[in-house]
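Okay, structure first, notes after.
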Amino acid sequence: MKTSPSYFRYPNFKENTMHRISVFYDNYCTKCCCFAKAIRKLDWFGVIHFKKLRDIHNLPKDLDIELASKKIASSIDNTWYYGYDSIFI
């Protein structure tokens with residue numbers, strides 16, 4: 001069965017008004033992996049894209065890797081935020 005895009009299932013959802021959030025998490029950290037798994041389940045609209053911090057070939061150049069390894073890092077409109085609460089902005 002083919003599913004319809006999310007903007008057909010939610011009448012108030014407009015595809016172009018949602019900001020895409022890229023979240024970089026330490027995939028060697030158990031707490032970070034559990035947090036990413038929990039947020040994936042809560043992300044009904046699919047706006048959060050999780051990326052592994054240890055995948056050094058695909059990291060952005062302006063990401064502070066040292067700070068991101070201590071805290072989760074997220075990027076919204078090319079602005080960086082750090083910490084678990086950064087995805088709830």
If you apply the rule side chain to side chain contact (heavy atoms under 4.5 Å, CB included), what do you find for Leu53 with Leu63, and how did you get there? CA-CA 10 Å; Leu53 186 64; Leu63 172 66; 3.9 Å; yes

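- Residue Val23 is not grouped with residue Tyr28 when hydrophobic side chains (ILVMFWY) are merged at heavy-atom distances under 4.5 angstrom, including chains of intermediate members.
- Of the residues Asp55, Leu59, Ile72, the one that meets the side-chain contact (heavy atoms from CB on, under 4.5 Å) test with Phe24 is Leu59.
- Nearest approach of Cys32 to Tyr25, heavy atoms of both residues: O-CD1, 4.1 Å.
- Remark: side-chain polar atoms of Asn27 are not paired, donor with acceptor, to backbone N or O of Lys52 under 3.5 angstrom.
- Smallest separation of non-hydrogen atoms from Lys51 and Ser22: NZ-OG, 3.9 Å.
- Clustering ILVMFWY residues whenever any of their side-chain heavy atoms sit less than 4.5 angstrom apart, transitively, puts Phe50 in the very cluster that holds Phe45.
- Counting heavy atoms from C-beta outward, Arg54 and Asp26 have side chains that approach closer than 4.5 Å.
- Rounded to the nearest 0.5 Å, atoms CG (Asp64) and NZ (Lys70) are 9.0 Å apart.
- Residue Ser69 holds its OG atom at 10.5 Å from OH of Tyr82, rounded to the nearest 0.5 Å.
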